[in-house]
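In what follows, a structure is listed as structure tokens, so that the remarks can point back to it.
Because the structure is a prediction, the values reported are computed rather than measured.
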Protein chains: 2
Amino acid sequence: MDFVVEHLKDHGIRPSVQRVAIMRYLMEHCSHPTVDDIYRDLHAMMPTLSRTTVYNTLSLLEGKDALSVLTIDSRNVHYDGDVKPHAHFMCRECRRIFDVPLAGTGLNGSPATPDGFKVEHTHLYYDGLCDRCREEEDAALAKETYFI
Amino acid sequence: MDFVVEHLKDHGIRPSVQRVAIMRYLMEHCSHPTVDDIYRDLHAMMPTLSRTTVYNTLSLLEGKDALSVLTIDSRNVHYDGDVKPHAHFMCRECRRIFDVPLAGTGLNGSPATPDGFKVEHTHLYYDGLCDRCREEEDAALAKETYFI
DNA sequence: TTGTAATTTTGTAACGATTTCAAATTTATA
DNA sequence: TATAAATTTGAAATCGTTACAAAATTACAA
């Protein structure tokens, strides 16, 4: 069976054409797309797809834990079809989001939440500058210093 | 000197009346307020304060690292005047945000980001159910089971 | 099959958070 | 005191998201 359909069924979601298309998009793109990225790309291939369906489907998938919601970017929610534990890094300049392996962070699964709290998800985010934007900033700073 | 004014100066920010009021609000409220929380409460005391000033000031404070921006909630950005390292938990039901000590999480400061990346901030978020909402959900589930 | 109910999708309109922008005000400086 | 620079303000515009009711599709029972 198609791995996307299987993934949906595993999470108790009936695999409609639209749901499969959206889930497949997420599983085949590791770019952490926004709602608009998903809508634009899929709409080009399925002209009848509506923005509302993308919103509806993403929140359905979220509720069934079939995807991961990234809130690292305050401007846009991003989605990740890879639900295996990993961290993320966002560049404050180009705003691209990168996967970061958890290995090395030391993170383990037991936060000191108050008694009675039920932890369902953990998100580890980093932000700063990616290599490319860091070079640009360094160059700009050097130039600035030169002219002072 | 007033600790709020001092905090602003330490971060290279000129302490205008509005900036001090907003920074003080953040430092005296550990409730992780939204822009609207801040505006509503301060506007009641300073009727001339505008929403735009709250937005402007918060992004100025953010750029100077005088506060911490919490993106844990996809619906609203929250702000934290406490810039000492700590994690956060958001209840998916009541959407309240709680501070969580880092001790016990094992987190250390060296993620395996690609070469050349500059990590500037780390955010550790948990979500799930708080004690109060968990009890309510358990009660609702018990009732449901009973009637089936 | 056929009819009926349940589910899903769609498009429009409304909503709410945030940004833009230019004018007004305040503060710093010569 | 005059002038420039910085800051604040309010209105309008923008953009992401939600609400909602109609249309289309799918599931199921007769």
Side-chain angles (χ1 to χ4, degrees), chain A residues 4-5 8-9 11-26 32-64 66-67 69-79 90 92 95 97, chain B residues 4-5 8-9 11-26 32-64 66-67 69-79 90 92 95 97:
Chain A
V4 180
V5 174
L8 291 178
K9 287 186 175 171
H11 289 83
I13 298 164
R14 306 162 76 139
S16 72
V17 177
Q18 290 86 347
R19 289 170 182 179
V20 173
I22 292 168
M23 191 70 241
R24 186 182 309 283
Y25 185 90
L26 286 172
H32 314 98
T34 64
V35 173
D36 220 61
D37 294 331
I38 299 167
Y39 174 72
R40 256 187 305 101
D41 289 355
L42 290 182
H43 182 77
M45 296 189 295
M46 314 172 59
T48 62
L49 181 72
S50 81
R51 217 177 217 98
T52 304
T53 298
V54 178
Y55 277 103
N56 287 344
T57 301
L58 290 171
S59 65
L60 174 74
L61 294 168
E62 177 188 359
K64 303 282 189 179
L67 53 70
V69 180
L70 308 187
T71 60
I72 190 173
D73 181 358
S74 62
R75 298 189 198 165
N76 286 99
V77 178
H78 292 252
Y79 292 90
M90 185 180 75
R92 67 164 152 83
R95 302 190 84 79
I97 297 174
Chain B
V4 179
V5 173
L8 292 178
K9 287 186 175 172
H11 289 83
I13 298 164
R14 307 162 75 138
S16 72
V17 177
Q18 291 86 346
R19 290 170 181 179
V20 173
I22 292 167
M23 191 70 240
R24 185 182 310 284
Y25 184 89
L26 286 172
H32 315 97
T34 64
V35 173
D36 218 61
D37 293 331
I38 299 167
Y39 174 72
R40 254 188 305 101
D41 289 355
L42 290 182
H43 182 78
M45 295 188 296
M46 315 172 58
T48 63
L49 181 71
S50 80
R51 217 176 217 99
T52 303
T53 297
V54 179
Y55 277 104
N56 287 344
T57 302
L58 290 171
S59 63
L60 174 74
L61 295 168
E62 177 188 357
K64 304 280 189 181
L67 54 69
V69 179
L70 308 187
T71 60
I72 191 173
D73 180 358
S74 61
R75 297 189 200 165
N76 286 98
V77 178
H78 293 253
Y79 292 89
M90 185 180 74
R92 69 164 150 83
R95 302 190 84 81
I97 296 174

*Minimum side-chain heavy-atom gap Met90(B)-Leu70(B) below 4.5 Å*: no
*asked:* Nearest whole Å is fine: how far is dT10(C) P from His43(A) NE2?
replied: 10 Å
_Exercise: identify the closest heavy-atom pair between Val35(A) and Tyr79(A)_ = CG2-CE1, 3.7 Å
*His43(B) to Pro47(B) - nearest heavy-atom pair and separation*: CE1-O, 3.0 Å
_Test: salt bridge (charged side-chain N to carboxylate O under 4.0 Å, His left out). Region: residues 50-64 of chain B. Which pairs qualify, not counting sequence neighbours?_
Asp36(B)-Arg51(B)
*Give the rounded distance in Å between these two atoms: CZ of Arg51(A) and C1' of dG11(C).*
12 Å
*Which value, rounded to the nearest 0.5 Å, describes the distance between His11(A) atom NE2 and Leu67(A) atom CG?*
9.0 Å
*If you round to the nearest 0.5 Å, how far is CG of Leu26(A) from CG of Leu61(A)?*
7.5 Å
*For Thr48(A), report the nucleic acid contact type (base, sugar-phosphate, nothing); a contact means any heavy atom under 4.0 Å.*
sugar-phosphate
_Please report the end-to-end axis angle for the helix from dT1(C)-dA30(D) to dA30(C)-dT1(D), five pairs per end, rounded to 10 degrees._
20°
_Residue list, side chain to side chain donor-acceptor pair (under 3.5 Å) with Arg14(A), at least two apart or on another chain_ = none
_Rounded distance (Å) that lies between atom C1' of dG10(D) and atom CG of Leu49(B)_ = 12 Å
*With Thr71(A), which residues qualify under side chain to side chain donor-acceptor pair (under 3.5 Å), at least two apart?*
none
*Specify the separation, in whole Å, of atom CG of Leu60(A) and atom P of dT7(C).*
13 Å
*Out of Val54(A), Val4(A), Leu8(A), which residue meets the side-chain contact (heavy atoms from CB on, under 4.5 Å) rule with Ile22(A)?*
Val54(A)
*asked:* Rounded to whole Å, how long is the line connecting atom OH of Tyr39(A) with atom P of dT10(C)?
replied: 9 Å
*Using the closest heavy atom to pick a nucleotide of DNA chain C for each, name whichever of Met46(A) or Val17(B) lands nearer the 5' end.*
Met46(A)
*Separation of Ile13(B) atom CD1 from dT8(D) atom P, in whole Å?*
11 Å
*Please determine, by modelled atom types, if Thr53(A) and Asn56(A) share a side-chain donor-acceptor pair under 3.5 angstrom.*
no
*Where along nucleotides 11-16 of chain D does protein come under 4.0 Å, by heavy atom, of base (B) or sugar-phosphate alone (S), with - for untouched nucleotides?*
B----S
Just the table, please: protein N/O against nucleotides 4-7 of chain D N/O, every pair under 3.5 Å.
from: dT7(D); atom 1: OP1; to: Arg19(B); atom 2: NH1; distance (Å): 3.1
from: dT7(D); atom 1: O5'; to: Arg19(B); atom 2: NH2; distance (Å): 3.4

*Closest non-hydrogen atom pair between Pro33(A) and Tyr25(A), with its separation*: CG-CE2, 3.8 Å
*Atom pair distance, as rounded to whole Å: CG in Leu61(A) and C1' in dT8(C)*: 14 Å
